[in-house]
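What follows is a single structure, written as structure tokens, with notes after it.
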Amino acid sequence: MPIYSSDSDNETIPRTKLFGRQRPIRSVLGGGQVADVLLWENKGVSAALSIGMTILWSLFEVAEYSFVTLFCHISITAMLVVFIWCTSAEIFNWTPPEIPTSILDKSTFHEFASTFHERFNRALSSFVDIARGKQPALFFAAIFCLYILSVIGNYFTFLNILYLCFVCLQTLPFLYNKYEDKVERYAGELTREVKKMFRRMNSYVLSKIPRGPVKEKKAR
């Protein structure tokens with residue numbers, strides 16, 4: 001005999017976007033160059049960024065470089081390459097190297113800062129709403145995820161966690177954008193199961209907790 005049965009268990013949840021979003025994933029990521037990188041629409045920049053971050057993580061975690069040592073070694077190597085190149089160009093009458101004085105323009109930094117500021121404020125607002133208990137399912141899910149993260153933090157360094165977050169940023173939006181329909185279908189099934197679990201908990205646990213008499217307010 002099943003513990004809990006109800007006609008509402010067989011209800012179908014309407015198809016909605018993940019996390020209740022109404023805009024396309026590109027718009028959620030801020031659009032522009034940031035979205036191009038995260039969604040791998042600009043494959044050259046995305047691949048170069050991923051390779052560069054992987055090399056830095058390997059140098060710090062595998063080779064155990066310190067930041068100051070790595071910065072000095074890279075600077076020395078770059079200065080030697082430029083010096084040899086420029087000197088060889090003068091001796092052999094080669095075309096001198098054209099070294100750009102700027103790589104990224106201001107608009108790129110402004111766009112990244114604006115996107116980060118908007119996402120951070122939105123995440124902080126969502127965190128406050130969850131902490132107030134407006135959405136019990138998200139509240140308990142957030143507590144569970146934070147606890148798991150605290151356990152993971154005992155076994156990984158801060159740099160490893162940052163690199164893991166970077167890998168997630170570079171892969172999850174791209175995979176979600178590519179397999180959006182399948183992800184939303186599985187998310188809908190998971191949401192339906194979670195709602196069933198909370199209905200059972202409310203029916204067999206929370207509803208049976210004795211409550212004291214409600215005091216009537218005195219009429220003024």
Side-chain angles (χ1 to χ4, degrees), residues 1-30 34-35 38-39 53 57 114-217:
M1 180 177 180
I3 297 177
Y4 178 84
S5 62
S6 174
D7 295 337
S8 59
D9 282 356
N10 298 323
E11 64 180 359
T12 58
I13 296 178
R15 292 289 300 275
T16 57
K17 298 293 185 180
L18 195 61
F19 304 118
R21 65 181 179 86
Q22 301 297 328
R23 299 179 296 168
I25 184 64
R26 177 180 175 81
S27 179
V28 172
L29 295 175
V34 176
L38 295 179
L39 295 177
M53 292 298 294
W57 173 81
S114 177
T115 302
F116 176 79
H117 178 265
E118 180 183 355
R119 298 295 172 268
F120 179 80
N121 287 339
R122 186 174 300 175
L124 182 61
S125 177
S126 301
F127 176 80
V128 173
D129 290 339
I130 294 173
R132 288 176 177 174
K134 293 183 179 181
Q135 301 181 22
L138 288 179
F139 176 80
F140 289 107
I143 294 295
F144 176 76
C145 291
L146 289 174
Y147 174 75
I148 295 298
L149 186 60
S150 67
V151 174
I152 294 175
N154 292 327
Y155 301 96
F156 293 91
T157 63
F158 180 69
L159 182 61
N160 282 333
I161 295 178
L162 283 181
Y163 180 70
L164 179 62
C165 292
F166 170 79
V167 172
C168 292
L169 283 175
Q170 283 290 93
T171 55
L172 294 183
F174 170 75
L175 293 176
Y176 174 72
N177 186 55
K178 187 175 182 179
Y179 304 102
E180 183 175 354
D181 293 336
K182 293 182 180 179
V183 172
E184 289 177 354
R185 183 172 67 252
Y186 292 139
E189 295 176 357
L190 179 62
T191 301
R192 183 165 57 251
E193 294 299 324
V194 171
K195 286 188 175 182
K196 288 182 182 179
M197 181 184 67
F198 275 97
R199 284 200 301 269
R200 292 167 182 167
M201 182 183 298
N202 182 66
S203 177
Y204 286 90
V205 179
L206 298 180
S207 62
K208 294 185 178 181
I209 297 177
R211 295 178 174 84
V214 179
K215 296 182 179 180
E216 297 182 357
K217 295 184 179 179

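Side-chain atoms of Ser126 come within 3.5 Å of backbone N or O of Arg122 as a donor-acceptor pair.
One distance of note links CG of Leu159 with OH of Tyr163; it measures 10.0 Å at 0.5 Å rounding. Taking CG of Leu149 as the start and CZ of Phe144 as the end, the distance is 11.5 Å to the nearest 0.5 Å. Taken from OH in Tyr179 to CZ in Phe174, the straight-line distance is 7.5 Å, to the nearest 0.5 Å. To the nearest 0.5 Å, the span separating CG on Leu38 from CG on Asn177 amounts to 11.0 Å. Atom-to-atom distance recorded for Leu175:CG and Glu180:CD is 12.5 Å, nearest 0.5 angstrom.
Contact detail for Trp57 and Asn160: the closest heavy-atom pair is NE1-OD1, 2.6 Å. For the residue pair Pro173 and Cys168, the shortest heavy atom distance occurs at CD-O, 3.3 Å.
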